[in-house]
Amino acid sequence: MLEETLVLFRNIRTSRYDGTLDSYRKAGGYQSLPKALAMQPEEVIALVKEAGLRGRGGAGFPTGLKWSFMAKNTGKPSYLVCNADESEPGTCKDRELMLKDPHLFLEGMMIGCYALGCHHGYIYVRGEYFPAIKSLNKAIDDCYREGILGPKLLGGDYALDLTVHTGAGAYICGEESALLDSLEGKRGHPRVKPPFPAVAGFNSCPTSVNNVETLTNVTAILEMGADAYKSLGSPNNAGTHLVSLSGHVNRPGVYEVAMGVGLRDIIQELGGGVRGGKQLKGVIPGGSSSPVLRADEIDIAYDFDSVGKAGSMMGSSAIMVFDEDTDVVKLLHRISRFYNHESCGQCTPCREGTHWARQLLRDFLQNNGSERKLNRLQRVGRNMGGTTLCALGDAASMPIVSFLKKFPDDFRQYYATAS
Amino acid sequence: MEVFYIDDQPVPFEKGEKILSAALRAGLEIPHFCYHPALSVVATCRMCLVDVTDLGNGRPAPKLMTSCSTDAMPNMRVSTQNDKVQEGRELVMEYLLVNHPLDCPICDQSGECTLQDHSYAHGTGHSEMEYNKRVYGWRDIGTFVQLERNRCIHCSRCDRFTREITGTDEFGMFNRGHELTLDTFSDRAMTNHFQGNMADICPVGAITEKEFRFKRRAWKLRKVPSVCTGCSTGCNITIEHDRNEVLRLKPRENQDVNQWWMCDEGRLTYQQMNEREQRLAKPMGRVKGKLLQVTWQQLYDAVADRLEALKPNREQVVALVDTDSTLEEMFLLRRLLQEVFSSDQVFYPQQDWTQPESEFFIETLITTDKAPNQAGARLLGLKGSQEHDVISAMKSAKLLLVLGNPFINEQPLLDLAGTTELMVHIASRQSEWTDRADAIFPGQNHAEKEGSFLNKQEHWQRFWPALRPSRHVRPEWQILSELLHMGTATPVQQTPQFSQIFQQMTSIEHNLFGNLALEKLGESGISLANLRQQSDTLAQTA
Amino acid sequence: MFSPETQQQVDRLLSRYPIRRNALLPLLHLAQKENQGWLDSRWVNHVAELCEVSPTHVEGVATFYTMFRFRPPGKYHLQVCTCVPCCLVGGPEILEHLEHKLGIHAGHTTKDGLFSIEEMECIGACSYAPAMIVNEDYVEQLTPEKIDQLLDTLATTPQEQETHA
């Protein structure tokens, strides 16, 4: 029987834990930060590297390596910016942490700032997360009051400020360079890279952008050590991760599991299987942009590498399950509508392609489909991939290509019955 | 300089330079829309995709790269022609045209439209788009330009122009995704003085010049390099004309003078080139108190007779010259006075001028000196009105020569003109001087003749004739040269050539002009400081 | 233009960033809240002055993000998610139910100005779908019955009282 492995959720799963500074301290909080402050910043980075922590925002890039890219001695301040713009459909894990255990996350953020030599960290939270923003602001205020944050971090000689910055409704601002533009007070357009944020990020200063869950993991790594942390996951996929399970399951929710547990087990045992006793039709394994998997393709380990090998991505660990009664054309139309709505519009293929794909899919739903349009949809979808500045083009392309490949008959059915 | 290879051709590049920039400098073509050398790189149109077959380390790039944003590397190999690239371009072209109205028959940009050109060269010629296109209305966005948003391909050059070049930030992107538009803030008209440049850099017909709207098809226009006469900056321009009418002026790139730009005021000087009402069209002489039309020969003979009768001494000869006269004209006028009357009384309206101090280069293009050649008059040693007393010189004048229309706002001078024995006016346009003249030599306007100016920074640049002048007028340099021959009684062999006059000037004034031959003064001119440096080096080595 | 209390928040915000422009998004949020949930050109101009940028820039930014509105919303702004996970478990039906119940389409406000509906892309409550945001509060695991109950409560709440108070 698959059970949760509680590292990040250990407090949240404790009854009567309310996430306040008091209860966090009682649960042993703010013990990792002094450990970090006793180390040299480079040692902290080395430890994170050693632990094999990979970014939880979607790309799975090694965090320690990312931190080691930060430009040094530039004469400019450097910044740690936390990406809390959780917008990938299916993903709602960071919200849990910010709402229910903000200090666990903030401690990781503080350690990260110290490791990178930043004296000001920004937490970019999506604007719709009003409760999470309130919770974070309260936690930060408490930290200032208790002398944890401020000119003397935890009473030591390191000065650190943290600020919560509110986004305003743009999926694209989850892309790190667009997020930085947005944080600077501009339209959230992804930037040309290079230069990478580690060289020229927020206000052209060296910046590291890390996800909420990633930074929260840093607290755990400092606490348990690199080896213990590594032993939790599968090879090259260290630690635990928060899985947002949604769709047609009996018990949707956010679960913490070790990397590399079975994908089917997560759905069957944590999620309680497909609801209403229906048959499973497919799974979108890593947020709406990841290629869909059919029911017969999900007997895989759930970690970055294994899902990648199966032709999809684990992304932000958002599993969306759909049953046999699901109309995949309607589902794909809804996904396309999302990308059409969220395209920033600067690149030609994405701006025009996302709209075109949505129009084609609407035709199918209105019984105006045809073989010709199916081919065209395939071409429009494929052509958005790999031709744009940021990954949104790919994100819009992958679902279209994969749905057409995995469920071609569902699309044909539409115009077969119409004619 | 290190090299990389584009389609097996070696291309030199500077460290940190992008593929596209190096290619354009080497004269190679890679189609693009959003890239402009003056603006920041956004890499969003995706047209400049190339296939990097070798990154310089033996490995190919995983996918097509935008050449505008990819650093050139030593020994990199880039293909701009292979099937992969062609396919990529076809795809981008198809997407660009999905919502473009294809209203080329009624679009002013047609014929000089980058979208049209690239579509023809790289598009497939058909589209599978079968839905309604996005529709917006046209908008009046400023005094000089108009916006047709349906044609916009969202390259954002205009947005970056007001942000990075003029700093006025009055034009920008609104909404996002499929609804992305470029526009001004809540219907407010733009106020910057450089709006015409937005029409220039717009690769399609979205932003067009109001002055040119629906006047002529672009392919009818013939183009002649010239210099703007609007102020002492001397922006390099192209006179675009058809059927002997100038239709518009466009800036011509010159990194030493105006970069890529010119101001709207300068663009409007095209109207003066077409001006007919105020034109001095025929040679005239005063016969019994009345101005009558005469032949050129009659006019020369009459002037010669009067000079013989007057025999003015050097103090009794005064010449006034406007600072929009060319260097050659000023030179000839000075020579005329010197050689015929031993006089040096050539005055020009001297004025202090300023240009805005600004961190934005383009702002410095507009100076308060609204004539193109004050620096030339100063250099040739003519007498500036601030340092020399024109009025007292005029008081003793028997003979007055006026070239162009200087000092027309100075009533005392105009009044004194009536007291001279003989007044000669050489100009292309009427003015207060014309009524007071005894002999009127009709000249040619800027678009009709040849010449050279010295701008505010002593950058020396020439211009070429664009329009065909009336057969009754002659260029001022020719008139002055003929007067000189007449005065010095040297026989005229044949009508002089401009290049000969130029050669005379540079050899006589070789200290100033380094004996330069006309052909050497190319389309982008030459800085006198550089020229002096060169001749110094030459002198030293000799 | 800001009330003295909000002005304090504005000043505090501006002090948290290296350059004034960086505070643009949070300031627009404050302006919108101060102006009963929407922005007009007066506020755009005012925020532009505060951030030392052009009004064009502010308008460009404000129209980029979906949370800034240029029309007044209802007293209760119902933001219903119909994105992928919500779509799987009945989000669109919830929206339909709301529209039917209030007699308005998404994007509109009821005549009495009490309710407005907005159809949202993913609001990040996927594991608790279907969900919506009422002003600033999440209401999750929605059913038509729950909606009916909520609307009744909101409609009878005294006008001065806020839902999230």
Side-chain angles (χ1 to χ4, degrees), chain A residues 168-173 177-178 181-182 186-195 336-360 362-363 368 370 372-373 375-380 382-390 392-394 396, chain B residues 16 18 32-35 40-49 61-66 68-71 84 87-100 115 127-134 152-156 159-160 163 169 172-182:
Chain A
Y171 166 73
I172 192 62
C173 292
S177 62
D181 261 16
S182 179
K186 302 181 195 163
R187 296 163 59 85
H189 286 186
R191 300 176 182 174
V192 180
K193 281 162 274 186
S336 292
R337 216 184 97 184
F338 174 77
Y339 289 107
N340 177 216
H341 185 261
E342 299 298 340
S343 165
C344 80
Q346 59 172 351
C347 289
T348 311
C350 173
R351 176 183 64 242
E352 309 296 350
T354 51
H355 188 69
W356 197 355
R358 178 184 167 178
Q359 283 174 305
L360 283 164
R362 195 188 50 203
D363 269 6
N368 281 327
S370 66
R372 210 162 46 97
K373 284 182 182 165
N375 292 334
R376 191 169 307 158
L377 178 63
Q378 193 144 28
R379 214 170 57 84
V380 171
R382 197 182 52 228
N383 288 348
M384 277 187 282
T387 52
T388 52
L389 183 65
C390 77
L392 198 135
D394 302 292
Chain B
K18 310 293 178 195
H32 59 274
F33 294 106
C34 69
Y35 172 84
S40 61
V41 171
V42 289
T44 55
C45 74
R46 316 307 287 177
M47 189 64 193
C48 68
L49 293 168
K63 53 181 189 180
L64 294 179
M65 310 284 273
T66 44
C68 66
S69 65
T70 309
D71 283 330
K84 222 167 128 186
E87 199 189 325
R89 284 178 188 158
E90 276 172 21
L91 181 160
V92 174
M93 276 317 305
E94 182 179 3
Y95 280 135
L96 281 173
L97 294 180
V98 161
N99 278 300
H100 186 82
L115 188 67
S127 169
E128 292 188 333
M129 172 71 180
E130 56 190 10
Y131 302 103
N132 289 339
K133 298 193 177 198
R134 193 169 43 212
C152 177
I153 57 165
H154 308 92
C155 72
S156 82
D159 166 49
R160 282 173 284 154
R163 215 150 15 93
D169 200 6
M173 287 192 242
F174 299 98
N175 304 321
R176 72 178 190 209
H178 186 249
E179 274 83 42
L180 179 73
T181 53
L182 287 114

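Computation of the quantities below employed the complete heavy-atom set of this structure, encompassing side-chain atoms and omitting hydrogens, waters and symmetry-equivalent molecules. Chain letters run A, B, ... following the sequence lines, proteins first and then strands; every chain starts at 1.
For B:R176, the salt bridge (Lys or Arg N to Asp or Glu O under 4.0 Å) partners are A:E342, not counting sequence neighbours. For A:R362, the side chain to side chain donor-acceptor pair (under 3.5 Å) test picks out no residue, with sequence neighbours left out.
A donor-acceptor pair under 3.5 Å is formed between the side chain of B:R46 and the backbone N or O of A:T387. Remark: the backbone N or O of A:V380 is paired with a side-chain donor or acceptor of B:Y95 at under 3.5 angstrom.
The structure places CG of B:N99 at 11.5 Å from OG1 of A:T348, a figure rounded to the nearest 0.5 Å. Here B:L180 contributes atom CG and A:C344 contributes atom SG; the two are 8.0 Å apart, rounded to the nearest 0.5 Å. One finds the CD atom of B:E87 at 7.0 Å from the CG atom of A:N383 (value rounded to the nearest 0.5 Å). A:R191 CZ to B:S40 OG: the interatomic distance, rounded to the nearest 0.5 Å, is 11.5 Å. With values rounded to the nearest 0.5 angstrom, B:H154 atom NE2 is found 12.5 Å from A:C347 atom SG.
Residue A:K193: no heavy atom, backbone or side chain, is found under 4.5 Å from chain B. For B:M47, no part lies under 4.5 angstrom from a heavy atom of chain A. Residue contact with chain B, scored on non-hydrogen atoms closer than 4.5 Å, involves the backbone and the side chain of A:L360 alike. For chain B, the nearby part of A:R187 is the side chain; its heavy atoms alone come within less than 4.5 Å. For a residue to count as touching a neighbouring chain, one of its non-hydrogen atoms must lie under 4.5 Å from one of that chain's; by this rule B:M65 does not touch chain A. Contacts between B:L96 and chain A at a heavy-atom distance below 4.5 Å involve backbone atoms as well as side-chain atoms. Of the atoms belonging to B:E94, it is side-chain heavy atoms, and not backbone ones, that fall under 4.5 Å from chain A. Heavy-atom distances place both the backbone and the side chain of A:H341 under 4.5 Å from chain B.
Residues B:E130 and A:R372 form a side-chain contact, since some pair of their non-hydrogen atoms from C-beta on lies under 4.5 Å apart.
In terms of heavy-atom pairs under 4.5 angstrom with chain B, the leader among A:P349, A:P194, A:C350 is A:P349.
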Audit row: B:E128, A:R379, side-chain contact (heavy atoms from CB on, under 4.5 Å) steps and yes/no
CA-CA 11 Å; B:E128 292 188 333; A:R379 214 170 57 84; 3.2 Å; yes
Where do B:M129 and A:Q359 land on the side-chain contact (heavy atoms from CB on, under 4.5 Å) test, with the steps shown first?
CA-CA 10 Å; B:M129 172 71 180; A:Q359 283 174 305; 4.0 Å; yes
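Here the shortest heavy-atom pairing between B:A43 and A:V192 reads CB-CG2, 3.9 Å.
A donor-acceptor contact under 3.5 angstrom links the side chains of B:Y131 and A:D363, judged on distance only.
Using cut-offs of 30° and 60° for the angle between ring planes, the B:H178 and A:H355 rings count as parallel.
Salt-bridge formation is detected for the pair B:R134/A:E352: a Lys NZ or Arg NE/NH1/NH2 atom is positioned less than 4.0 Å from an Asp or Glu carboxylate oxygen.
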